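Shown next, in structure tokens, is the structure this report addresses.
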Amino acid sequence: MDFIYTVIGYPLGWVMWACYKLLHNYGLALIVFTLITKLILLPMGINQQKSSVKMAMFKPKMDAITKKYANNKQKQQEEMAALYEKEGYNPMSGCLPLLIQFPILFGLIDVIYKPLTHILRFSKADIQTGIELATKFFGADSAIVRQNVGLRSENLIFKALEASPEFAAQWGQGFADKIASFDQSFLGLDLSQTPGMRLEWLLLIPIISGITSFMLSRISMKMTAATSGDNAAMNGMGKSMMLMMPIMSTIIAFQVPAGVGMYWILTNIFSMAQTWYLNKKYNPAEMLEKAKAEEELRKEQERAERAELKKKMASGEYQEVEQEKALTQKELNRKKLAEARRRDAEKYGEEYTEVTDEDLK
């Protein structure tokens, strides 16, 4: 698991480093980092909005298939797959933005747990030396060492520097000075610390994370119901999801550094703003009405063309039109063959021969 965190954390670490170098404030850097990730994912959000409207267009066909093959699940799935292919719709497209959020979250956990690697840019060898000295300083079997292993191993260096100035002299005063000037706090909250059940300001991070997650879930459910025209989206499984996500968000925020919880809060806030913007720019009701009007116009044109064709066939005009098309194609073939003969005559010094009807049979 540590490998996955590291692989995803490496590129995100450079983004966070650039934000910190630009702003020199850990909290502001985290805000800009979150905004960058949301802007990168914005095209997916737009596609998701359009895709939901598209699905609402052929939902009656889906309902018809479900009803027709209610007792034959395999046939039902085959017909649904055929319908998706015909309409050019991917049922998993709506899940993609959410699925991408989790790798970003894993990478950010690595960035926040390893500020010496990602933001201060100490070498791997220097960090490993510091961890070994800190382990020796506290004792390999001590509780503080056992609590700071794996992802948390860099935190052991911070603990050793806080415990004794002698550790700075052993590891290198230059490293200690750089760490002393590095502040992971924002608005008085240390974002490197993990919130607990203690009555302190840091407790607000998980609580606000859960509240904003609930607000986002409710807004998303309302948008889904508005797009599909089906209030069932707000019942049953919809309500379960609306409760499950805030609970998960709160639990996770109690288990990771406050910086990760703050990222989750910012993501929820930016996501609500994005939902509002997309609803204004690509209003589901308006898009649905426009799509229905275009579909009705297409059907009307098809009906008109069929009526015109029947009229021509009844009057004999259809046969004349087909003959005219065939004649036009015949003349086109005559022209192509004549050009080919002319090129050959010029190339090989032969006499040019006119194209006859026999040549075209």
Side-chain angles (χ1 to χ4, degrees), residues 1-10 12-13 16-17 20 26-27 30 102-103 105-186 188-207 209 248-264:
M1 193 67 177
D2 287 354
F3 173 75
I4 297 174
Y5 283 119
T6 303
V7 168
I8 303 172
Y10 183 79
L12 295 183
M16 188 65 176
W17 171 83
Y20 184 78
Y26 192 79
L30 190 57
F102 285 103
L105 184 64
F106 291 149
L108 186 65
I109 289 172
D110 190 76
V111 171
I112 291 177
Y113 270 130
K114 299 177 180 178
L116 305 184
T117 298
H118 296 293
I119 298 178
L120 296 181
R121 292 285 156 181
F122 289 176
S123 71
K124 190 174 181 179
D126 290 333
I127 294 171
Q128 186 59 38
T129 299
I131 292 170
E132 291 173 358
L133 288 172
T135 302
K136 188 182 294 183
F137 175 80
F138 288 113
D141 295 328
S142 62
I144 196 168
V145 171
R146 290 197 303 271
Q147 291 168 1
N148 293 278
V149 294
L151 279 174
R152 296 178 173 85
S153 57
E154 287 187 12
N155 192 48
L156 196 61
I157 295 175
F158 284 88
K159 296 291 185 183
L161 288 170
E162 291 172 4
S164 172
E166 296 178 4
F167 176 78
Q170 293 178 2
W171 186 35
Q173 192 60 46
F175 298 131
D177 291 342
K178 285 184 178 181
I179 291 175
S181 63
F182 175 63
D183 185 12
Q184 286 182 274
S185 64
F186 183 65
L189 300 176
D190 186 353
L191 300 181
S192 67
Q193 298 300 309
T194 301
M197 296 305 294
R198 301 176 301 277
L199 197 61
E200 56 182 3
W201 288 112
L202 213 60
L203 184 63
L204 289 173
I205 297 290
I207 294 172
S209 177
M248 284 181 58
S249 179
T250 304
I251 292 173
I252 291 172
F254 271 115
Q255 298 175 346
V256 293
V260 179
M262 182 177 170
Y263 164 78
W264 204 251

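Every value quoted in this text rests on a predicted model; they were computed, and no experiment measured them.
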Could you tell me whether Y20 and F182 have their ring centroids closer than 6.0 angstrom?
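Close enough - the centres of the two rings lie under 6.0 Å apart.
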Minimum heavy-atom distance [X]-[Y], with the two atoms named:
| X | Y | value |
| --- | --- | --- |
| T117 | I127 | OG1-CD1, 3.3 Å |
| Q184 | I112 | NE2-O, 3.8 Å |
| Q147 | R152 | O-CD, 3.4 Å |
| F254 | G196 | CE2-O, 3.5 Å |
| S209 | S249 | OG-OG, 2.6 Å |
| L30 | Y263 | CD2-N, 4.3 Å |

Side chain to side chain contact (heavy atoms under 4.5 Å, CB included), that's the test. Do W264 and I252 meet it? Break it down for me.
CA-CA 10 Å; W264 204 251; I252 291 172; 5.8 Å; no
Can you measure from [atom1] ([X]) to [atom2] ([Y]) and round to the nearest 0.5 angstrom?
| X | Y | atom1 | atom2 | answer |
| --- | --- | --- | --- | --- |
| R121 | W17 | CZ | CH2 | 7.0 Å |
| F158 | Q193 | CZ | CD | 10.0 Å |
| I179 | E154 | CD1 | CD | 8.5 Å |
| L108 | I8 | CG | CD1 | 11.5 Å |
| L116 | F122 | CG | CZ | 5.5 Å |

Testing L156, T135, I157 for side-chain contact (heavy atoms from CB on, under 4.5 Å) with N148, which one passes?
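By the side-chain contact (heavy atoms from CB on, under 4.5 Å) criterion, N148 pairs with just one of L156, T135, I157: L156.
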Return a table of donor-acceptor pairs under 3.5 angstrom between the side chains of residues 160-172 and protein atoms on other chains or two or more places apart.
from : atom 1 : to   : atom 2 : distance (Å)
S164 : OG     : E166 : N      : 3.1
W171 : NE1    : D126 : O      : 3.0

Is there a side-chain contact between V260 and F106, using heavy atoms and a 4.5 Å cut-off?
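The answer is no, as the side chains (C-beta and beyond) never meet within the 4.5 Å cut-off.
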Measure the shortest side-chain to side-chain distance between M16 and Y26 over non-hydrogen atoms and say whether it is less than 4.5 angstrom.
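Counting from C-beta outward, M16 and Y26 do come under 4.5 Å.
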Side chain to side chain contact (heavy atoms under 4.5 Å, CB included) involving S153 - partner list, sequence neighbours excluded
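Per chain and number, S153 pairs via side chain to side chain contact (heavy atoms under 4.5 Å, CB included) with I131.
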Quick one: list whatever passes side-chain hydrogen bond (donor to acceptor under 3.5 Å, both in side chains) with T250, sequence neighbours left out.
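Testing T250 for side-chain hydrogen bond (donor to acceptor under 3.5 Å, both in side chains), a comparison that skips the adjacent residues, returns none.
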Looking at A125, is its backbone amide N or carbonyl O close enough to the side chain of T129 to form a donor-acceptor pair, meaning the two atoms are under 3.5 Å apart?
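Yes, the answer is positive, given that a donor and an acceptor are paired below the 3.5 Å cut-off.
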